[in-house]
Amino acid sequence: MPEREDGLLGSRQTKLNRLRERGVDPYPPRFRRTADAAAAIAAFEAAEPVEPAPGVEFRIAHPDAAVETPQHSLAGRIMSMRVMGRAAFLDLRDGSGTVQAMLRQNLLGEDYDLLKDLDLGDFLGVTGPMLRTRTGQVSIEAHTLTLLAKGMRPLPEKWHGLRDVEIRYRQRYLDLIADPEIMTAFAQRSRVISGIRRFLDGRGFLEVDTPILVPVAAGAHARPFDTHHNALNQRLYLRIATELYLKRLIVGGFDKVYELGRVFRNEGIDQDHNPEFTLLESYEAYADYHQVMEMVESMISTVAMEVRGTMQIPYGEEVIDFTPPWPRLQLKDELYRRSGVDLDAYPEDAALVRKAADLGLEVGPRESRGRLIDKLVSTFIEPNLVQPTFLLDYPEVMSPLAKAKPGLPGYVERFEAFAAGMEIANSYTELNDPAVQRARFEEQESIRQLYQDEEVDRLDEDFLTALEYGMPPTGGLGVGIDRLAMLLTGQASIRDVLLFPQMRRLGAGANMDEQDIQD
RNA sequence: GGGCCGUUAGCUCAGCUGGUAGAGCACCGGACUUUUAAUCCGGGUGUCGUGGGUUCGAUCCCCACACGGCCCA
């Protein structure tokens, strides 16, 4: 890169060249640590002969005295440098935390010259004894220095950090370097996921992997990404759900299965949508949606307790209390209460469209009944469901995979769970009558044709074949893990729980490939 | 898809009525052997997102585009 001739990059290049001329390998293959920063500090503090009492001066190590304490080799990224002539203090950060290294020329000799060619961001190995400095800070006293990796670009500023969200998402590593709390949030996300695994494993569920590349993108109302397999000369899709494969496994005789994996939906990007996201689906034979509801309450409250140590989690202006049981509301009743719309009073789609328009909803010409009801629910009910709540018994037209609710024609045994106005779970007593399932699929296909709506479920012939062999009564569940992670880690945007959220490619004109140009 | 806002030094940000840009940190040079955003002295390192237009002159006004954010759909 020619621009490195001068400026900030250039000064680092000059230092790199100088190091090489002096025979220093700026990228050595290894450095054996004796401990990480946190462990070395903890071990030193534990081994201190006398706990320093308040107001009592700490022992100040002399070069000779220092030899008494065990030698350590510690390593990390240089996060700050306080250089004062023939002594210097460097903060070294590794994955465990930060340790201060004290460098003194009389101890390091020629090694001390390395300091001139170090920059913030470089990785450095330090060997020497641990000690407390005059101000009481546990530090490693450098007897040798080893450059482990030269950083060629300056880090974001240490005090204000990185505010530019675009850089934060595009170059997440800088975000992580600049703000350790980001790392904490992602570590919490990871614990949410491992907590779910532990919970389900503990209940006898078997984790399975089903295809991501599928011939039919079924199991949800969503538009798929498509691709092509050359050897098979077949169009394939990225899965939009794992539902139909997991049910095949229930047919096959596994009683409790789950999959925690990425699904892909070719839709817009906003605060709670990313085109790829992590979905948990579980299926339990001989269970119904009431049992699944209890499992969801138990799972999420357990995970909240594990990750946050409490079931009351602050989120925005609210405190969300995940303590079970969560209220159960009938969708039909709740919609009537909130909007005055009695769905059963509008059996004709046209009448429902007029009613929705009267209520101020913008209703396009391509709104199917299912979409319309979804819009009513998401406008009048969902924003009000701040505390964890189950919404029960959805209209059949928007739930082609759920079993009919006895005694309530036109409705199915389905619930969705909400918290902070966001949908976090979706569950059915699964439809297992193959003839009814075929009819439901065909209804969906005709809706797709009629409304030209690509976000309608698709008929999967192979799945119907599986159902024809017989599937036991089953309770199924889907949980959006990213949204759950948002709630449990207090993040307002899905991009803050995804390490690498989807972003538009920069410089569209220059970097477009042939596929893009078609669009 | 529509509306509004943003894009200035490596980072965080100022920049008046149009007259070729400035601060802190970072960086560069110097002093300093116990610092904690070290301190002190000296130095501004820039394609003002991109491309057009208006103008004697544009970071500033106009248009288009790119990327991002928020709101709406």
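So that the names make sense, note that chain A is the first sequence line, chain B the second, and so on, each numbered from 1.
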May I ask you to say what [X] touches in the nucleic acid, namely base, sugar-phosphate or nothing, with a heavy-atom cut-off under 4.0 Å?
X: A/Asp164; value: sugar-phosphate
X: A/Lys15; value: sugar-phosphate
X: A/Arg495; value: sugar-phosphate
X: A/Gln271; value: sugar-phosphate

message: Quick check on A/Tyr336: does its OH atom have over 12 non-hydrogen neighbours (other residues, nucleotides or ligands) under 6.0 Å away?
response: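 No, the 6.0 Å shell around OH holds no more than 12 heavy atoms from other groups.
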field: Neighbour count >12 (heavy atoms, 6.0 Å) for atom CE, A/Met503
entry: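 Yes, enclosed.
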Of all the choices, [options], which nucleotide is nearest to the side chain of [X] once you look at every atom?
X: A/Asn106; options: B/rA26, B/rU33, B/rG68; result: B/rU33
X: A/Pro156; options: B/rC11, B/rA26, B/rG68; result: B/rC11
X: A/His160; options: B/rG24, B/rU35, B/rG68; result: B/rG24
X: A/Leu162; options: B/rA38, B/rC11, B/rC32; result: B/rC11
X: A/Arg504; options: B/rC11, B/rC67, B/rA38; result: B/rC67

For nucleotides [N] and [M], find the distance between their [atom1] atoms and express it as a whole number of Å.
N: B/rA26; M: B/rG51; atom1: C1'; result: 32 Å
N: B/rU59; M: B/rU8; atom1: P; result: 15 Å
N: B/rC60; M: B/rG49; atom1: P; result: 8 Å
N: B/rG57; M: B/rC4; atom1: C1'; result: 31 Å
N: B/rG24; M: B/rA9; atom1: C1'; result: 12 Å
N: B/rC25; M: B/rC62; atom1: P; result: 36 Å
N: B/rC11; M: B/rC27; atom1: C1'; result: 12 Å
N: B/rC56; M: B/rG18; atom1: P; result: 15 Å

message: Tell me if B/rU33 is syn or anti. Syn = glycosidic torsion within 90° of 0, anti otherwise.
response: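 Because its glycosidic torsion lies more than 90° from 0, B/rU33 adopts the anti conformation.
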Rounded to the Å, how far apart are [X] [atom1] and [N] [atom2]?
X: A/Asp270; N: B/rG68; atom1: CG; atom2: P; answer: 14 Å
X: A/Arg104; N: B/rU34; atom1: CZ; atom2: C1'; answer: 8 Å
X: A/Arg86; N: B/rA38; atom1: CZ; atom2: P; answer: 21 Å
X: A/Leu376; N: B/rA73; atom1: CG; atom2: P; answer: 13 Å
X: A/Lys116; N: B/rG29; atom1: NZ; atom2: C1'; answer: 13 Å
X: A/Asp119; N: B/rC27; atom1: CG; atom2: P; answer: 7 Å
X: A/Met81; N: B/rA38; atom1: CE; atom2: P; answer: 11 Å
X: A/Asp91; N: B/rU34; atom1: CG; atom2: C1'; answer: 13 Å

Watson-Crick/G-U partner (both atom distances under 3.5 Å) of [N]:
N: B/rG1; result: B/rC72
N: B/rA64; result: B/rU50
N: B/rA38; result: none
N: B/rU45; result: B/rA26
N: B/rG19; result: B/rC56

query: B/rU34 base to A/Gln137 side chain: any donor-acceptor pair below 3.5 Å?
result: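 It does not, because no donor-acceptor pair links the side chain of A/Gln137 to the base of B/rU34 below 3.5 Å.
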message: When you measure only distances, ignoring hydrogens and angles, does the side chain of A/Arg163 come within 3.5 Å of the base of B/rU12 through a donor and an acceptor?
response: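 Check fails, no donor-acceptor contact within cut-off.
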query: When rounded to the nearest 0.5 angstrom, what distance separates CZ in A/Arg262 from OG1 in A/Thr278?
result: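 Rounded to the nearest 0.5 Å, the CZ-OG1 separation comes to 4.5 Å.
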message: Rounded at 0.5 Å granularity, tell me how far CD in A/Gln188 sits from CZ in A/Arg308.
response: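 Rounded to the nearest 0.5 Å, the CD-CZ separation comes to 5.5 Å.
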Under 4.0 Å: is that the gap between some side-chain N or O of [X] and OP1 or OP2 of [N]?
X: A/Lys158; N: B/rA26; value: yes
X: A/Arg82; N: B/rA38; value: yes
X: A/Arg170; N: B/rG68; value: yes

task: Check the pair A/Asp175 / A/Arg172 against salt bridge (charged side-chain N to carboxylate O under 4.0 Å, His left out), numbers first and verdict last.
output: CA-CA 5 Å; A/Asp175 192 27; A/Arg172 181 67 87 181; 2.7 Å; yes
- prompt: Between the side chains of A/Asp393 and A/Gln330, does any donor sit under 3.5 Å from an acceptor?
  reply: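 There is such a pair (donor and acceptor under 3.5 Å, judged by atom type) between the side chains of A/Asp393 and A/Gln330.
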Assess whether a salt bridge exists between [X] and [Y], defined as any Lys/Arg side-chain N lying under 4.0 Å from an Asp/Glu carboxylate O.
X: A/Arg337; Y: A/Glu334; answer: yes
X: A/Lys332; Y: A/Asp344; answer: yes
X: A/Arg22; Y: A/Asp113; answer: no
X: A/Glu21; Y: A/Arg18; answer: no
X: A/Asp374; Y: A/Arg371; answer: no
X: A/Glu45; Y: A/Arg132; answer: yes

task: For the residue pair A/Arg168 and A/Asp496, establish whether any side-chain heavy-atom pair is separated by less than 4.5 Å.
output: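 A/Arg168 reaches A/Asp496 side chain to side chain.
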task: Strictly below 4.0 Å, heavy-atom distances to any atom of RNA chain B: list the hits from residues 349-363 of chain A, or just say none.
output: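 Correct list: A/Glu362.
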statement: Letter by letter from the 5' end, nucleotides 1-6 of chain B scores (B base, S sugar-phosphate only, - none; protein heavy atoms under 4.0 Å) ------
query: Given that A/Ser139 and A/Tyr169 both sit by RNA chain B, which one's nearest nucleotide is further toward the 5' end?
result: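 It is A/Ser139, whose closest nucleotide lies nearer the 5' terminus.
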